[in-house]
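Written below as structure tokens is the structure these notes are about.
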Amino acid sequence: MSHPPETQDAMMRLSQLFTKTSKESSKSDVSRNAQLLTRAGYVDRLMAGVYQYLPLGLRTLGKIENIIREEMNAIGAQEVLMPSLHPREIWETTQRWDKVDVLYKLSSDREGRGECDLALGPTHEETVTPMVGGFVQSYRDLPVHVYQIQTKFRNEPRAKSGLLRGREFRMKDMYSFHADQADLDAFYDRAIQAYLNVYKRVGLGETTLVTFASGGVFSKYSHEFQTISPYGEDVVYRVPGTHTAINKEVIEDTDALKDIIPNYKPGDEKNLEELKAIEVGNIFKLGTRFSSAFNVSFTDKDGQVKTPVMGCYGLGPSRLMGTIAESMGDDQGLIWPEEVAPYKVGIINLKVGHAEADKASADAYAKLNAAGVEALLDDRDLSVGVKFADMDLLGLPWQLIIGPRGLEKGAVELKQRATGERSELSLDAALQKLAGR
RNA sequence: CGGGGCGUAGCGCAGUUUGGUAGCGCGCAAGUUUUGGGUACUUGAGGCCCCCGGUUCGAAUCCGGGCGCCCCGACCA
């Protein structure tokens, strides 16, 4: 074997990682998340709004997606994978072929002269509705909740802000089908809770607001999940002291205000707190807009043929990754919460080639591996300044700093990236702390 | 889709006003040096100057036309 098994999985030697960090970043990618993620070698931009995920970035993206997956599974949703390539016909069925302006349309004519007859999926009501409909005949078959995590395509008029607004991006989209409105309403509330769990686990719990927003064409209102950020594109008004808000687009709406402000009286909206925010999730009650378009029906308890009511629930892992980078980085680099960091700890061997430092570092690396703690070992023979700076840029939650000076007195250093807090302790104590739950 | 800016080495930039066939920093290679917060120095490799056309003895530079990128706004199931 040319590589030790650990490089395939939980462990990585920085000397083996093909990406590198950079001091400078592209001037044409100005947002903080794009700058930091690019400089640290997490992502690479191919074109406006289209990024490739490098090993470190892919690990973080994967962790975010797994958190979302766990929370969706926990409310009884089942995972599927639908295609990106759609026939024109299904978009004609819902009359959205010409209405959805972000729809990428393709021609399957190999001469390139024919009409467009394919689309790249920007959303999947058109595929999920007939798919689920084929399995639903009775009220006993309902409810159904399915989701997928998949790459979406939207021809944004202006892709920008790094991972925050892409033309190709990762999306978790869930669709629910119910026998009646009450069942939809109940599931909708559970979905809100599941979403809040996701934001909490990725470290955005405190700054993410459940926001009353416009419902668009399907229903009067929808709910957005908005993470407070000066870089956000949306303006929301928060009810002070709470995690609820109302989007600027419906601030004039008295019904909406009554819904979020307890004992609302006219004028109370002046007390709301205006904030900029990034939309990190959006859920809707769709009613029967799609189920009736595709003639999906079921026989209810009373023998009547009815149309299921639907909900849809979007959450973009790549945008979420950008939002975390955007709101948690500092001048030194990224700062990842443990649940989404590509590795929990970065081991810095300050003096590669020094027998004791090499030994202690290898020892720490092996023991962390054995304990199931994901670790990245900086075993490059570079000056310490570079290694400290790089590790700060990568943003792993913990740094285990091992060098000759400390080893002389039997100590290593453990640094917490987020706080900068450092402590000197024995290697065993440090390993125990890292492996501790 | 409006307004503004930009496109020169892998990356960040200068050079364009006043045409004379390219330069700096980072990174990269070799070496000396240094060693607990991006060490200092030496040498070297690396460029269809976004594309197409025009003017000219000669174009990164001037003129036409494309394409692409970023920022502000519009837009954003």
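Reminder, nothing fancy here: chain letters follow the sequence lines and each chain counts from 1.
- For rG68(B), the paired nucleotide is rC6(B), the pair qualifying as Watson-Crick or G-U wobble because both relevant distances are below 3.5 Å.
- In this structure, Gly314(A) reaches neither bases nor backbone, as no heavy-atom distance under 4.0 Å exists between it and the strands shown.
- In this structure, the OH atom of Tyr231(A) is 11 Å from the P atom of rC70(B), given to the nearest Å.
- Residues Gln35(A) and Ser25(A) bring a donor and an acceptor atom of their side chains to less than 3.5 Å of each other.
- Among the protein residues, Glu413(A) comes within range of the nucleic acid bases, having at least one heavy atom under 4.0 Å from a base atom.
- Listed pair Arg45(A) / rC70(B) meets the phosphate criterion, a side-chain N or O lying under 4.0 Å from OP1 or OP2.
- Ring geometry for Tyr221(A) against Phe212(A) counts as tilted: the plane angle lies between 30° and 60°, on a 0 to 90° scale.
- Distance CD (Glu249(A)) to C1' (rC76(B)): 10 Å, rounded to an integer number of Å.
- No engagement by Asn282(A) is indicated, since no non-hydrogen atom pair under 4.0 Å with the nucleic acid exists.
- Computed from coordinates, the Asp101(A) CG to rC76(B) C1' distance equals 8 Å when rounded to whole Å.
- Glu126(A) and Thr94(A) share a donor-acceptor pair across their side chains, judged by distance under 3.5 Å alone.
- In terms of phosphate contacts, Arg158(A) brings a side-chain nitrogen or oxygen within less than 4.0 Å of OP1 or OP2 of rC72(B).
- For the residue pair Glu125(A) and Thr123(A), a side-chain donor N or O sits within less than 3.5 Å of a side-chain acceptor on the partner.
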| query | With the sugar-phosphate defined as primed atoms, P, OP1 and OP2, and the base as all remaining atoms, what B/S/- string results for nucleotides 24-33 of chain B, 5' to 3', for protein heavy atoms under 4.0 Å? | reply | -BSSS-----

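- Counting any heavy atom pair closer than 4.0 Å across all strands shown, Lys415(A) reaches a base atom.
- Counting only N and O atoms by type, the side chains of Asn66(A) and Glu70(A) include no donor and acceptor under 3.5 Å apart.
- Among the atoms of the strands shown, base atoms are found under 4.0 Å from some heavy atom of Ile401(A).
- The cationic group of Arg167(A) does not satisfy the cation-pi geometry with Phe153(A), failing either the under 6.0 Å distance to the six-membered ring centre or the 45° limit from the ring axis.
- Distance Ile348(A) CD1 to rG36(B) P: 14 Å, rounded to the nearest Å.
- Counting to the nearest Å, the C1' atom of rG68(B) and the CE atom of Met47(A) are 10 Å from each other.
- Spacing between rA29(B) and rC71(B) at atom P, rounded to whole Å, works out to 33 Å.
- A tilted orientation is assigned to the rings of Tyr313(A) and Tyr188(A), their planes being inclined by 30° to 60°.
- Comparing rG37(B), rG38(B), rG36(B) against the side chain of Arg39(A) picks out rG38(B) as the nearest.
- RNA chain B is contacted by both Thr123(A) and Ser22(A); Ser22(A) maps to the nucleotide lying nearer its 5′ end (nearest heavy atom per residue).
- Residues Ser327(A) and Ser229(A) have side chains that never bring a donor and an acceptor to within less than 3.5 angstrom of each other.
- Taking atom CG of Asp331(A) as the reference point, atom C1' of rG38(B) lies 15 Å away to the nearest angstrom.
- Residue Ala389(A) is classed as a base contact, given a heavy-atom separation below 4.0 Å to a base.
- Between His145(A) and Phe187(A), the ring planes are parallel. Angles under 30° get that label, and only those over 60° would be called perpendicular.
- rU32(B) is paired with rA40(B) under the Watson-Crick or G-U wobble criterion, all donor-acceptor distances under 3.5 Å.
- The separation of rG68(B) from rA74(B), taken at their P atoms, amounts to 24 Å, rounded to a whole angstrom.
- Residue-to-nucleotide proximity on RNA chain B shows that, of Phe388(A) and Arg165(A), the 5′-proximal contact is made by Phe388(A).
- Side-chain contact, Tyr231(A) with Glu326(A): no donor N or O sits under 3.5 Å from an acceptor N or O.
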| task | Quick one, give me the B/S/- string for nucleotides 39-49 of chain B, reading 5' to 3', where B means a protein heavy atom under 4.0 Å from the base and S means that only happens at the primed atoms, P, OP1 or OP2. | result | S----------

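- The pairing partner recorded for rC1(B) is rG73(B), the criterion being a Watson-Crick or G-U wobble arrangement whose two distances lie under 3.5 angstrom.
- Spacing between atom CZ of Arg167(A) and atom P of rC76(B) amounts to 18 Å, rounded to whole angstrom units.
- Salt bridge annotation for Glu168(A)-Arg154(A): absent, with no cationic side-chain nitrogen under 4.0 angstrom from a carboxylate oxygen.
- In this structure, rC11(B) and rG25(B) make a Watson-Crick or G-U wobble pair, each of the two defining distances being under 3.5 angstrom.
- Heavy atoms of Lys160(A) sit under 4.0 angstrom from primed sugar atoms or phosphate atoms, though from no base atom.
- In this structure, rU16(B) makes no Watson-Crick or G-U wobble pair, since no nucleotide meets both defining distances under 3.5 angstrom.
- Geometrically, Lys105(A) engages Trp97(A) in a cation-pi contact, judged by NZ or CZ lying under 6.0 Å from the ring centre and within 45° of the ring axis.
- Remark: rG53(B) base-pairs with rC63(B). Criterion, Watson-Crick or G-U wobble with two distances under 3.5 Å.
- Lys285(A) places no side-chain N or O within 3.5 Å of a backbone atom of Asp185(A) that could act as its donor or acceptor partner.
- There is no side-chain donor-acceptor pair under 3.5 Å between Asn349(A) and Asp378(A).
- Atoms CG (Leu407(A)) and P (rG36(B)) sit 14 Å apart, rounded to a whole Å.
- Within residues 185-198 of chain A, no residue approaches RNA chain B, by heavy-atom distance under 4.0 Å.
- With C1' as the reference atom, rC13(B) and rG3(B) are 26 Å apart, rounded to whole Å.
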